[in-house]
Amino acid sequence: MCAQRKPVGPEPHPGYFSDDLAAADPEVAAVVADELVRQQDGIELIASENLVSRAVLEVQGSVFTNKTVEGYPGGRYYGGAAPADAVERLAIERATRLFGCRFANVQPHSGSQANQAVYLALLEPGQRILSMALPAGGHLSHGATVNLTGKWFDVVPYGVRRQDGMIDYDEVAGLAQETRPKLIIAGGSAYPRLIDFARFREIADSVGAWLLVDMAHFAGLVAGGVHPSPLPHADVVTTTTYKSLRGPRGGVILCNDAALAKRFDQAVFPGLQGSVLLHTVAAKAVCLGEALRPEFQGYARRSLENARALAAVLAARGHTLVGGGTDTSLLLLDLQSTGPRGLTGDVASESLENAGLTCNKNAVPFDPQPPRVTSGLRLSSAVGTTRGFGTMEFEIVGGLIADVLSGLAAEPGDNRTAEAAAKRVVADLCQRFPIYPA
Ligand SMILES: *Cc1c(COP(=O)(O)O)cnc(C)c1O
């Protein structure tokens with residue numbers, strides 16, 4: 001005789017398929033609501049962030065979250081992959097159209113993993129990489145000693161010139177001749193000026209090295225036509241999709257060579273990653289579609305104009321900009337000559353955050369301070385521009401930053417007066433430029 005089974009409900013628990021987050025998990029929902037308030041009520045100046053569209057948010061929370069696929073469109077290891085194939089093909093087609101190249105891999109889970117896939121495809125362990133030093137503005141994933149790249153490869157760092165904060169191409173060429181790297185990397189996370197891609201190509205060719213350009217920070221400006229493209233010069237270009245491209249958190253690998261493209265595909269899967277974050281790939285398709293719209297060119301142009309307006313105000317108020325200004329949406333402020341004693345990045349970023357201006361402390365070239373302290377601040381126009389700020393608003397923001405820093409230089413222990421005054425203006429600006437409707 002069969003045991004009497006308890007009737008099973010239609011759902012794993014009541015509301016499983018129907019309750020929204022607020023009903024299902026008020027605790028987590030409350031924290032998400034706090035984050036929305038933080039984004040709405042503060043001025044975000046962190047260069048590695050942006051505000052995605054409602055559509056990008058929606059597709060990241062879509063049912064693609066449920067689907068597992070491995071491999072590439074047309075050659076998956078699991079069934080039921082037709083919509084997955086369609087969405088990944090859309091992302092690939094849009095990426096190649098946007099950047100005018102032949103091949104794109106849209107699966108890297110992050111910018112660091114896009115770079116790791118390039119190393120896996122092109123290098124053997126122990127081979128040499130010539131890349132920008134982290135303190136000079138490079139990125140962790142380009143060979144920092146604490147990173148996998150620094151442990152598994154032989155990394156030779158190049159820096160910037162002390163007098164103007166610019167890449168010294170003669171130094172790079174000399175180091176290449178001396179050390180014969182297999183791979184040269186251009187691009188960084190705190191280098192505000194244009195990079196001479198043609199010169200890097202020449203240097204790479206002179207020693208038979210591959211050239212990788214990591215355009216994580218300026219990809220949106222390339223897409224919008226206000227920054228030169230590295231694609232005609234580099235063997236391979238990597239980028240993140242969540243900075244100036246205004247998309248989901250993830251990476252992309254671009255190239256023009258069929259044989260290399262195959263190696264990168266192999267390196268991403270099965271070399272480095274497992275199944276695809278399809279909801280994120282879908283969101284990449286959406287953000288790339290947005291970047292193909294004519295309005296995106298306006299966004300890119302305004303990001304640049306706004307960053308330059310911010311730089312001009314800060315320079316006029318006596319601040320030192322590494323590289324003397326910017327050709328991108330980011331700037332790097334050197335605080336060593338701010339006030340009679342100079343300021344440090346940790347103290348300055350904390351005081352700015354109290355004023356509702358969120359940014360990050362950042363090492364400047366030849367920084368005498370340790371990484372936890374630093375002598376710099378990295379600022380960006382990317383998020384404010386998405387909110388609708390123009391040069392007028394960024395001039396106000398620049399004035400507020402200068403006010404807070406002057407207050408700090410005058411009264412290192414207590415900057416509450418300057419912070420409170422700035423915060424009132426920040427609140428007014430944020431109210432005038434709302435983000436997502438509740
Ligand atoms: C932001 C960034 C990355 C990647 O970052 P993830 O946090 O791994 O997505 C890679 N390279 C550069 C130059 C960057 O600025």
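Each ligand, and each atom within it, is numbered from 1 in the order the structure gives.
For the pair Gly111 and ligand 1, the shortest N or O to N or O distance falls below 3.5 Å. Looking at ligand 1, you'll find an N or O of Asp214 within less than 3.5 Å of one of its N or O atoms. By the 3.5 Å distance cut-off applied to N or O atoms, Ser189 is not counted among the residues near ligand 1.
Among protein heavy atoms, the minimum distance from atom 7 (O) of ligand 1 is reached at Tyr242 OH, 3.0 Å. Closest protein heavy atom to atom 3 (C) of ligand 1: His139 NE2, 3.3 Å.
Considering only non-hydrogen atoms, atom 14 (C) of ligand 1 lies nearest to Lys243 out of His142, His109, Lys243. Comparing Val213, Leu330, Thr239, Thr240 by heavy-atom distance to atom 4 (C) of ligand 1, the nearest is Thr240.
Contact check on Arg201 versus Asp235 returns a salt bridge, with a Lys/Arg side-chain nitrogen under 4.0 Å from an Asp/Glu carboxylate oxygen. The pair Glu35-Arg38 meets the salt-bridge criterion, with a side-chain N (NZ, NE, NH1 or NH2) lying under 4.0 Å from an Asp/Glu carboxylate O.
Inspection of the Thr374 and Asp367 side chains reveals no N or O donor paired with an N or O acceptor under 3.5 Å.
Numbered from 1 in the order shown, with element, the atoms of ligand 1 that lie under 4.0 Å from a heavy atom of Ser110 read 8 (O), 9 (O). Ligand 1 places these atoms under 4.0 Å from at least one heavy atom of Ala216: 2 (C), 11 (N), 12 (C), 13 (C), 14 (C), 15 (O). Listed by atom number, the atoms of ligand 1 under 4.0 Å from His217 heavy atoms are 15 (O).
Neither the backbone nor the side chain of Arg249 comes within contact range of ligand 1; no heavy atom lies under 4.0 Å. Counting heavy atoms closer than 4.0 Å to ligand 1, residue Ser112 contributes atoms from both its backbone and its side chain.
For the ligand labelled ligand 1, residue Gly187 lies outside the 4.0 Å heavy-atom shell.
The two atoms that bring Arg387 and Leu51 nearest to each other are CG-CD1, 3.7 Å, heavy atoms only. Closest of all the heavy-atom pairs between Ser349 and Cys359 is CB-O, 4.1 Å.
Aromatic ring centres of Phe296 and Tyr299: separated by under 6.0 Å.
The shortest side-chain heavy-atom distance between Met132 and Ile167 falls under the 4.5 Å cut-off.
A search for side chain to side chain donor-acceptor pair (under 3.5 Å) contacts involving Asp41 returns nothing, not counting sequence neighbours.
The side chain to side chain donor-acceptor pair (under 3.5 Å) pairs that include a residue from residues 157-185 are Arg161-Asp164, Asp170-Arg199, Gln177-Arg180, Gln177-Ser206, where partners are two or more places apart or lie in different chains.
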